[in-house]
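One structure is given below, encoded as C-alpha cells.
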Amino acid sequence: MIPNTKTDPVIDVRDLKKVYHIGEIEVPALRGVNIQVQRGEVVAIMGPSGSGKSTLMNMIGCLDSPSDGVYILDGLQVSDLRDDELAEVRNKKIGFVFQKYNLLPRVSALENVELPMHYSDENSHMQQRATDALKAVGLEDRMRHKPNELSGGQQQRVAIARAIVNEPAIILADEPTGNLDSQAGKEIIDLLLGLNRERGTTLIIVTHDPDVSAAAQRVIHLRDGLIVGEGESR
Amino acid sequence: MKLLQVLREAIRSINSNRTRSFLTILGIIIGVAAVIALMAAGQGAQASITGQIQSIGTNLIYVMPGNQLTTATNRRPLTLADSRALANKLRAPHIRNVAPVITDNNDVSYGKESLQTTVYGVEPGFEIVQNLSLSDGAFFTRAEIDSRASVVVLGPALADHIIGKHEGIIGMVVRINDYPFRVIGVTTSKGGSQFNNPDTFAYIPLTSMQARVKQDLSSGRVNYILLQAEDEESVKLAIDEAALVLRENHRLNLRQPDDFSITNQEDFLSIASSITGVLTIFLAGIAGISLLVGGIGIMNIMLVSVTERTSEIGLRKALGARKLDIMLQFLSESAMLSLIGGILGILIGWGLASLIGFVAAQSGTDLIPVVGWDAILLATLFSTAVGLFFGWYPASRAANLQPVEALRYE
C-alpha cells in the first residue's frame, strides 16, 4: 500500500442522519452514523436489507443530501452543496461501480469510458485517457466492442475503467459482484484491490457477500440505521 | 458537455430507433409539406392574378364620376370636354393617352343569333390604353369617329357565338340596337373567365354610340375616362394633374370635395394581392395546425423516451452530468427530430407543389406554384421551434430527476 501523504481522512462522516418522508410518515433511514476512512483504505459496508446501507452509500456517493450531520469528502464539506455542485464533486472525486454495470448499450466500451470526461472541464486527450483506463482493467483488445458483445465480467471491467478514468479520490462499488458468478466475481474483486494497491485509490464496497468483505481491511456492519459493529476482517 | 458531442449523441439516439423516430416525425413531415405546398399554390395564384392585372397595364388610371367618400352636392358627370381638357399636354404633361368610354349593355346580333353583352363606345387610342390587340382587321380611325361610321370591332368569343366563327368575318354586318354595323376587326383572345370576359365585348366609335345606341345619354356625357400615364414613375403625377384639371373644369372651389374619383391599377393590384395574401395565410394556418399536432406527437414520444432512459439519466447524473447537460441532451434530440421532419417535409412539399403545377398546366389553368425561400426558412425555423417547445417539458422532467431514484428505476 502506498503510504499516505495527508493524514486527515478522505471520508469523514459525523452524526449523519437521513429521514425520508413518505406522505405523513417519517421514516428514519440513518440515525446518526460516524465513519472515518483514511486514504487508501479498503472498507466493506455490510448489513441486511433495510439496514440503511443503500442510503449511506448514496450519501457517501453525493447522490443524495443528508437531513442532518456533516460529511467531509477529501477535505470538502459536501453536506450542504447544491445539486450542480454535487454533480461536479461526483464527477471529480467519486468513481461508481454498480451491480448492474449501467453501461450505455448503444456505444462501444471506449465511448462508455469516455462518458465521465464529457461532463468534466478536463476533457483533453479523452481517447488516450480512456484507452489507458481500459488497459488498466485488461480490456485493451475489447475497446470497440459494445456491451452486449462482452461477458458480465468484462462489462464490469468497463464500468471500473469508467470509474477510474477521472482519477477519483474514492471508488464506490455497490454490490459489484452481485450479478457475476463466483469466478468472475473474484476477478473483479482482485482487479479492484489491485487498483487500490497500485493507485492508492480508496475503495468502499457495499456488499452482503462474506467472500467480498473478507478481502477488505475493515468491515462496517449496519443495522437499523446505526453502525452496530466495526472490525478488521483479517 | 460540448455541443458537438450533444448533437452526436442525439443523432445516435434517433438512429438507434429508426422506425419510432420516423413515425414520430411523420406529423411534422406532413405539416411542413402541407405548409410548403399550400403556400406555394397560394403564391402561385397570387402571381397569376397580379400578372393578369398587370397585363392590362400598370400605368393605367381610371377616372369615374362621383366620389365614394363624400356625397358631393351638384355632382357633375364626366364629359367629352373633360376628356379633351385631360388630353391637353400643357395642362397635364404626364398623361400620354386619354380614352373616354361610354358603355352599354345591348344585344349584338347576326341573323337569328344574338348575345347580350357590353358594347364600348370608344375613340382611337383606347386600344393602346387597354392593351387590346387585333387578330384580324384594324381598329377604327379618327376619320371614322368624325364620320360616325357604323363599324365594329368584335371579341372572338362574341363572334363565335353569333356568327359561328371569328376568322374571315371582316366586312360582315352585325346589328347593334337594330342598327347595322360592319365588322372591321377582331380582338385577340385573352381567354379570361366566363364572367365579364373581354372576348365577348364589342367596340364601336364613340360618336356612333351616341348617335345610334345610347341616344338618351345627354350630350357629351361619358361613363368613365381611361388615362395612361407616361410611365410607371409618373402615375402619381398624372393622377394629381388629372384631379387639378377636372376640379378646374368642374369649377369646384377649395372647400368642395372632388365630384369624381381617380383610381389606379396599383390600387386594384394591392386589393387583389391582399385578398390572395389572406388566402395564403389561411392555407398556411390550416397547415400550421397539423404542425402543432406533429409537435404534440414529438412531446409524447420524448416523454416515453425519458421514462425508458430513466436509469441512463441516473447514471449520467452519477457520473457528473448537471441539469443543463441532461436538458440539452433531450432538447437537442427533440429539436433534431423535428428539424429532420422539417427538411423531409420541405422536400415532399416541394414535390407536391410541382405536382400541383403539373396538374394545373394539364388542365390549362395559369398557375405556377412558387416555393419561396421565405416559406422554406419559415418551415425550418417553425419546425425546430416546435421541437424545442414540445421537447422542453420532457427535457426538464429528465433534468429534474433525482439521481438516486433514477438509478434505482427498473
Side-chain angles (χ1 to χ4, degrees), chain A residues 18 20 29 54-66 81-108 111-124 126 146-147 159 162-166 168 172 174, chain B residues 1-21 301 304-333 336-337 395-410:
Chain A
K18 180 69 180 178
Y20 290 111
S54 293
T55 308
L56 180 60
M57 143 103 194
N58 291 337
M59 296 297 150
I60 292 173
C62 295
L63 292 165
D64 206 350
S65 303
L81 290 182
R82 286 182 292 109
D83 282 357
D84 282 356
E85 293 167 331
L86 284 176
E88 200 183 331
V89 170
R90 290 195 293 269
N91 183 257
K92 288 207 170 99
K93 297 195 184 291
I94 303 167
F96 288 94
V97 178
F98 302 100
Q99 179 176 2
K100 285 178 289 179
Y101 331 130
N102 287 49
L103 300 175
L104 297 186
R106 295 186 296 269
V107 303
S108 69
E111 284 171 283
N112 264 295
V113 176
E114 282 175 359
L115 192 58
M117 291 187 277
H118 288 305
Y119 297 119
S120 165
D121 312 327
E122 277 181 58
N123 44 21
S124 56
M126 282 203 299
K146 289 187 177 168
R162 183 179 64 191
I164 61 171
V165 77
N166 270 354
L172 202 54
D174 185 10
Chain B
M1 196 180 233
K2 281 188 187 138
L3 196 64
L4 197 72
Q5 176 67 15
V6 170
L7 294 180
R8 255 180 64 195
E9 288 203 14
I11 290 170
R12 185 148 52 200
S13 169
I14 290 165
N15 216 7
S16 71
N17 214 333
R18 275 184 221 163
T19 312
R20 190 166 87 180
S21 299
I301 219 68
V304 171
S305 175
V306 168
T307 309
E308 273 179 359
R309 283 148 69 184
T310 300
S311 75
E312 179 193 320
I313 296 163
L315 170 79
R316 286 174 184 272
K317 289 203 153 194
L319 298 183
R322 290 159 300 155
K323 277 185 186 177
L324 187 68
D325 293 317
I326 303 293
M327 188 93 194
L328 274 181
Q329 185 189 340
F330 281 89
L331 266 187
S332 64
E333 200 171 316
M336 184 90 69
L337 267 177
S396 67
R397 213 154 101 160
N400 286 315
L401 282 173
Q402 287 304 310
V404 175
E405 269 137 50
L407 268 173
R408 208 189 291 145
Y409 189 85
E410 301 278 320

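Not measured: the values here are computed from a predicted model. Labels below follow one simple rule: chain letters A, B, ... track the order of the sequence lines, proteins then strands, and each chain is numbered from 1.
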Hey, what do you get for [atom1] ([X]) to [atom2] ([Y]), rounding to the nearest 0.5 Å?
X         : Y         : atom1 : atom2 : result
Asp325(B) : His118(A) : CG    : NE2   : 11.0 Å
Arg309(B) : Leu104(A) : CZ    : CG    : 9.0 Å
Leu115(A) : Glu9(B)   : CG    : CD    : 6.5 Å

All salt bridge (Lys or Arg N to Asp or Glu O under 4.0 Å) counterparts of Arg18(B), not counting sequence neighbours: none
Stepwise side chain to side chain contact (heavy atoms under 4.5 Å, CB included) test for Gln5(B) and Glu114(A): CA-CA 11 Å; Gln5(B) 176 67 15; Glu114(A) 282 175 359; over 6 Å; no
Minimum heavy-atom separation for [X] and [Y], please, with both atom names.
X         : Y         : result
Ala87(A)  : Ala321(B) : CB-O, 3.7 Å
Asp84(A)  : Lys323(B) : OD1-N, 3.4 Å
Leu63(A)  : Val404(B) : O-CG2, 3.3 Å
Phe96(A)  : Ala318(B) : CE1-O, 3.2 Å
Asn102(A) : Leu407(B) : ND2-CD2, 3.5 Å
Gly320(B) : Tyr119(A) : O-CB, 3.6 Å

Which answer fits [X], side chain, backbone, both or neither, if we ask what part of it has an atom under 4.5 Å from a heavy atom of chain B?
X         : result
Asp83(A)  : side chain
Val89(A)  : neither
Lys100(A) : side chain
Asn58(A)  : side chain

Residues which pass ring-ring contact (aromatic ring centres under 6.0 Å, His included) with Phe330(B), listed by chain and number, not counting sequence neighbours: none
Backbone of Lys317(B) reached by a side-chain donor or acceptor of Arg90(A) within 3.5 Å: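 Pair found, side chain donor or acceptor close to backbone of Lys317(B).
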Arg12(B) vs Glu111(A) side-chain heavy atoms within contact, under 4.5 Å: yes
